[in-house]
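Taking it in order: structure first as structure tokens, then the write-up.
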2 protein chains.
Amino acid sequence: MTITTAEENYLKAIFKIAEKEDKAVLTNSIAAAMNTAAASVTDMLKRLAEKHLIKYEKYRGVELTEEGNRLATILIRKHRLWEVFLVEKLGFAWDEVHDLAEQLEHVQGEALIDRLDNFLGHPRFDPHGDPIPDAQGRWTFRQQVRVSLLQPGEKGILTGVDDHATPFLQYLDQIGVALGIELLLLHRTEYDQSVQVRISGKTEVTLSEKVAQNLFVIRG
Amino acid sequence: MTITTAEENYLKAIFKIAEKEDKAVLTNSIAAAMNTAAASVTDMLKRLAEKHLIKYEKYRGVELTEEGNRLATILIRKHRLWEVFLVEKLGFAWDEVHDLAEQLEHVQGEALIDRLDNFLGHPRFDPHGDPIPDAQGRWTFRQQVRVSLLQPGEKGILTGVDDHATPFLQYLDQIGVALGIELLLLHRTEYDQSVQVRISGKTEVTLSEKVAQNLFVIRG
DNA sequence: TAAAATATTTAGACTAACCTAAAAATAATT
DNA sequence: AATTATTTTTAGGTTAGTCTAAATATTTTA
């Protein structure tokens with residue numbers, strides 16, 4: 001049974017939505033995530049259900065089957081490994097790699113991705129701090145927390161970003177925020193929940209609540 | 001104007017056929033090269049002509065326009081650079097990389113291929129000895145000759161293979177023939193035009209006429 | 001709980017890229 | 001040069017993946 005690029009993209013979208021909300025994934029959420037008409041989604045859900053990649057009940061939303069989950073996981077592994085390659089080996093910035101990885105993840109070839117993984121030294125996180133499942137589909141978990149939840153005086157190492165959009169990432173570059181830096185929360189302004197932080201013991205910056213909510217750190 | 005993967009594949013096929021025979025490229029040659037029905041080729045030729053990528057005269061065959069030629073050259077550049085990457089960096093054998101490169105060459109992104117080229121150190125030849133056009137589309141030419149044309153006593157350095165099929169390449173691996181080795185032609189048997197050669201001053205092997213015709217060397 | 005609002009599916013249509021079979025043009029041969 | 005053979009195109013059809021508009025389910029709200 002062959003699987004098309006379009007089908008792969010739906011599986012990935014369903015996986016990502018299911019990750020956040022733990023109810024069944026609804027047609028409209030998928031349509032929104034993929035920028036397609038709801039009717040197109042319905043069509044595709046029927047096809048995916050016929051291939052036993054999702055469980056689909058009319059009007060009730062969908063859930064990935066074990067096989068669907070396995071394929072989505074492989075896809076995410078491929079996407080993130082290619083992102084590591086693009087940043088680490090080709091020197092792209094972290095805000096430039098998404099569209100390329102989106103294409104590269106669909107290249108078919110069992111051996112390719114494992115050789116790439118090996119070439120890259122089996123990285124466990126991508127350039128945005130997202131975990132990369134291993135060849136058996138196992139995830140690495142970390143105890144991270146949003147900067148918006150730190151208390152004044154608490155420190156953390158920046159391990160991830162929740163928003164991957166270019167403007168956000170470029171803003172972080174500009175104020176000197178990158179994965180691995182140490183953040184010390186100095187003060188929170190009650191009025192707008194913005195926070196003052198010290199970066200790696202040097203510069204100080206103010207982050208809006210929205211920015212602070214999009215930064216993950218490991219405490220301490 | 002967007003260009004699809006299918007269109008790219010036709011352009012590349014036309015380029016490669018035109019390279020060998022210097023008349024106009026006929027519908028049936030394309031159909032044969034691409035394993036498609038002639039009627040499908042006619043369809044596509046109309047589309048490519050509308051996009052000004054080929055000059056098409058009914059029943060008379062086609063020719064690439066300047067733009068079509070440019071695109072085909074970029075495609076070959078991409079294919080061969082990816083092949084170098086797969087062999088040099090990921091450790092694939094030279095007979096394993098064609099299908100992967102066939103997919104990778106369609107990944108879109110101006111910066112990608114130039115960064116890859118840079119990462120690989122601007123290689124001028126791929127793992128089969130085929131030239132890689134540079135970023136401006138310029139080719140490197142070499143004065144190579146088929147082993148079948150060497151005279152007894154003549155030497156050459158193996159610089160390319162004409163047949164890229166897996167069985168042929170694996171046969172070469174098996175008898176110790178690889179790019180860069182020195183070949184000394186010891187003797188040609190008149191009866192079947194097979195040749196006896198010495199490889200890098202060590203082992204001796206007999207090559208059939210067909211094999212000798214598929215090996216390129218630079219004399220001396 | 002009935003009406004209104006929202007979400008989902010169905011119906012019908014489109015495009016790219018293929019196909020087979022038949023028709024038409026070109027090339028080869030007697 | 002006329003017939004035969006070959007090549008190419010046209011005609012008509014298929015599938016995947018999309019769309020809009022209309023119909024139908026479900027959920028929310030008054």
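Since we're looking at a predicted model, the values are computed, not measured. Lettering follows sequence order; numbering is per chain, from 1.
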Query raised in the report: Taking protein heavy atoms under 4.0 Å as touching, what does nucleotides 1-10 of chain D look like 5' to 3' if B marks base contact, S marks sugar-phosphate-only contact and - marks none?
Result: ------SBBB

Report task. Please state how far atom NE2 in A/His106 lies from atom P in D/dG17, giving the value in whole angstrom units. Result -> 12 Å

**Report entry** Side-chain N,O (A/Arg47) to OP1/OP2 (D/dA16) below 4.0 Å
**Finding:** no

Report task. For residues B/Phe85 and A/Phe85, establish whether the separation of their ring centroids is below 6.0 Å. Result -> yes

Name every donor-acceptor pair, under 3.5 Å, that has one atom in a side chain of residues 50-59 of chain B and the other anywhere in the protein, sequence neighbours excluded.
| unit_1 | atom_1 | unit_2 | atom_2 | d |
| --- | --- | --- | --- | --- |
| B/Lys51 | NZ | B/Thr2 | O | 2.8 |
| B/Lys51 | NZ | B/Glu7 | OE1 | 3.0 |
| B/Lys51 | NZ | B/Glu7 | OE2 | 3.0 |

Query raised in the report: For A/Leu48 and D/dA16, what is the distance between atoms CG and P respectively, to the nearest whole Å?
Result: 12 Å

Report task. Only counting residues at least two apart or in another chain, list the ones meeting side chain to side chain contact (heavy atoms under 4.5 Å, CB included) with A/Glu66. Result -> none

Query raised in the report: For A/Met34 and D/dC19, what is the distance between atoms CE and C1' respectively, to the nearest whole Å?
Result: 15 Å

Query raised in the report: According to the salt bridge (charged side-chain N to carboxylate O under 4.0 Å, His left out) rule, which pairs have a member within residues 160-169 of chain A, sequence neighbours left out?
Result: A/Lys20-A/Asp162, A/Arg146-A/Asp162

Query raised in the report: For B/Glu209, which residues count as a salt bridge (charged side-chain N to carboxylate O under 4.0 Å, His left out) partner, sequence neighbours excluded?
Result: none

Query raised in the report: A/Lys51 has an atom NZ; how far is it from atom C1' of D/dG17, in whole Å?
Result: 12 Å

Report task. Please identify each residue that fulfils side chain to side chain contact (heavy atoms under 4.5 Å, CB included) with A/Asp134, with sequence neighbours left out. Result -> A/Gln136, A/Arg138

Query raised in the report: Between the axis at one end of the helix from C/dT1-D/dA30 to C/dT30-D/dA1 and the axis at the other (five pairs apiece), what's the angle to 10 degrees?
Result: 0°

Requested in this report: Describe the nucleic acid contact of B/Ala6 in one word from base, sugar-phosphate, nothing, applying a heavy-atom distance below 4.0 Å.
Outcome: sugar-phosphate

Query raised in the report: Is it true that the NZ or CZ of B/Lys89 lies under 6.0 Å from the centre of B/Phe119's six-membered ring and within 45 degrees of the ring axis?
Result: yes

Query raised in the report: Nearest-Å distance, CG (A/Asn35) to P (D/dT18)?
Result: 12 Å

Query raised in the report: Got a sec, which residues hit side chain to side chain contact (heavy atoms under 4.5 Å, CB included) with B/Ala13, two or more places apart in sequence or on another chain?
Result: B/Met34

Query - Nearest-angstrom distance from the residue atom CD of A/Glu7 to C1' of D/dG17 - result: 10 Å

Under 3.5 Å, which N/O atoms of the protein pair with N/O atoms of nucleotides 2-4 of chain C?
none

Side-chain donor-acceptor pairs under 3.5 Å in residues 71-83 of chain A, sequence neighbours left out?
| unit_1 | atom_1 | unit_2 | atom_2 | d |
| --- | --- | --- | --- | --- |
| A/Thr73 | OG1 | A/Asn69 | O | 2.8 |
| A/Arg77 | NH1 | A/Pro133 | O | 3.0 |
| A/Arg77 | NH2 | A/Asp114 | OD1 | 3.0 |
| A/Arg77 | NH2 | A/Asp117 | OD2 | 3.3 |
| A/Lys78 | NZ | A/Glu105 | O | 3.1 |
| A/Lys78 | NZ | A/Val107 | O | 2.9 |
| A/His79 | ND1 | A/Glu105 | OE1 | 2.7 |
| A/His79 | NE2 | A/Glu83 | OE2 | 3.0 |
| A/Arg80 | NH1 | A/Pro131 | O | 2.7 |
| A/Trp82 | NE1 | A/Leu104 | O | 3.4 |
| A/Glu83 | OE1 | A/His128 | ND1 | 3.1 |

Report task. Return no unless some side-chain N or O of A/Thr36 is found under 4.0 Å from OP1 or OP2 of D/dG17. Result -> no

Report summary line: Residues passing the side chain to side chain contact (heavy atoms under 4.5 Å, CB included) test with B/Thr159, sequence neighbours excluded, are B/Arg142, B/Gln144, B/Phe216, B/Ile218

Query raised in the report: Is any side-chain N or O of B/Ser40 closer than 4.0 Å to OP1 or OP2 of C/dC19?
Result: yes

Query raised in the report: Between atom CD1 in A/Ile30 and atom P in D/dT18, what is the gap in whole Å?
Result: 13 Å

Report summary line: Sorted by chain and number, sequence neighbours left out, ring-ring contact (aromatic ring centres under 6.0 Å, His included) with A/His106 holds for none

